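The structure under discussion appears below in the form of structure tokens.
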Amino acid sequence: MADLKLHVNGAEMQTQAAEDEPLLWVLRNRLGLTGTKYGCGEGQCGACTVLLDGKATRSCLTPASAAVDAKITTIEGLEQQGRLTAVQQAFLEEGAMQCGYCTSGMVMAATALLREHAHPSEEQVMEAMNGNMCRCGTYPRIAAAIRRAAWGTVEKKGAAYARG
Ligand code: FES
Ligand code: FES
């Protein structure tokens, strides 16, 4: 075990972690940030997505020790003073979840996308969201939420992330 200092959601957090302990387990089990989900543990589903310096990152594959110099953002860190982000609000308004297990990772991936491309092309959405799986098949509503967050309304031309 080693001491670990992480910068999470705007705060310095101290904990301990085993060598190579995945960031996912440090966030969930040591820091109590259970909004980040464990799906496959192999980088294949995106449920564990967090932002490292704004970049969507699989926390199940990232050793916590590799994140000490990064600004880590989890789903708990998006809302500010009771105000949801545009992406969070759009997911709610579009009902872009069923069981909700994938939602945290979807929101984080969409957040990273829209921070980089405020009005993404269809290709950019597909590329950014392609690794995020939804077992409930809510892809059309997730696509609508991303369009709403990017364009303010689903009617305007935007990206079409719809595999389901
Ligand atoms: S739990 Fe990390 S990608 Fe599935
Ligand atoms: S809403 Fe159930 S896995 Fe996506």
Side-chain angles (χ1 to χ4, degrees), residues 4 6-9 13 15 17-79 84-116 120 122 124-150 154 158-164:
L4 200 62
L6 296 174
H7 191 274
V8 186
N9 298 334
M13 296 190 179
T15 185
E19 192 182 350
D20 292 336
E21 184 169 332
L23 179 60
L24 172 64
W25 297 128
V26 171
L27 291 171
R28 287 183 57 83
N29 297 342
R30 301 187 186 278
L31 300 178
L33 295 168
T34 55
T36 305
K37 302 304 182 194
Y38 169 68
C40 64
E42 298 177 347
Q44 301 295 319
C45 74
C48 66
T49 302
V50 298
L51 306 185
L52 256 54
D53 291 330
K55 197 169 169 3
T57 303
R58 303 287 190 255
S59 63
C60 69
L61 294 183
T62 305
S65 57
V68 291
D69 293 325
K71 286 188 169 49
I72 303 164
T73 307
T74 70
I75 189 78
E76 291 91 343
L78 293 185
E79 160 266 318
L84 298 179
T85 65
V87 172
Q88 289 177 302
Q89 190 64 39
F91 268 67
L92 276 181
E93 289 173 4
E94 293 296 335
M97 69 285 293
Q98 189 166 314
C99 77
Y101 203 82
C102 70
T103 308
S104 168
M106 292 286 185
V107 167
M108 299 313 287
T111 297
L113 167 68
L114 295 187
R115 283 182 181 173
E116 191 175 358
E122 182 173 344
Q124 287 168 330
V125 175
M126 287 299 295
E127 187 179 342
M129 303 301 294
N130 197 28
N132 285 69
M133 304 296 163
C134 175
R135 290 180 188 172
C136 301
T138 57
Y139 297 112
R141 281 182 276 156
I142 291 167
I146 294 172
R147 283 196 292 275
R148 181 181 286 276
V154 291
Y161 169 60
R163 294 191 296 185

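One-based numbering, in listed order, for ligands and for the atoms of each. Note that this is a predicted model, so its numbers are computed, not measured.
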Atom pair CZ (Arg135) and SG (Cys99), whose distance is rounded to the nearest 0.5 Å: 9.0 Å
Separation of Arg141 CZ from Glu94 CD (nearest 0.5 Å):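 If I round to the nearest 0.5 Å, the distance is 9.5 Å.
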Protein N, O or S atoms lying under 2.8 Å from atom 4 (Fe) of ligand 1, listed by chain and number: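 The answer, once waters are left aside, is Cys40 SG, Cys45 SG.
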Salt bridge (charged side-chain N to carboxylate O under 4.0 Å, His left out): pairs with one or both residues in residues 25-37, sequence neighbours excluded: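 The answer is Glu21-Arg30.
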Decide yes or no for [X] and [Y]: does some side-chain heavy atom of the first lie under 4.5 Å from some side-chain heavy atom of the second?
X     : Y     : value
Thr57 : Leu51 : no
Leu52 : Leu23 : yes
Leu78 : Val87 : no

Indicate every side-chain donor-acceptor pair of residues 101-109 with a distance under 3.5 Å to a residue at least two apart or in another chain.
residue : atom : partner : partner atom : Å
Tyr101  : OH   : Tyr38   : O            : 2.5
Thr103  : OG1  : Gly100  : O            : 3.2
Ser104  : OG   : Gly35   : O            : 2.9

Under 2.8 Å from atom 2 (Fe) of ligand 2, the protein N, O or S atoms, given as residue and atom: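 As for protein N, O or S atoms lying under 2.8 Å from atom 2 (Fe) of ligand 2, they are Cys99 SG, Cys136 SG.
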Nearest heavy atoms of Ser59 and Val50, plus distance in Å: CB-CG2, 4.0 Å
For the student: nearest non-hydrogen atoms of Pro63 and Asp20, plus distance: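 So the minimum-distance heavy-atom pair works out to CB-CA, 4.2 Å.
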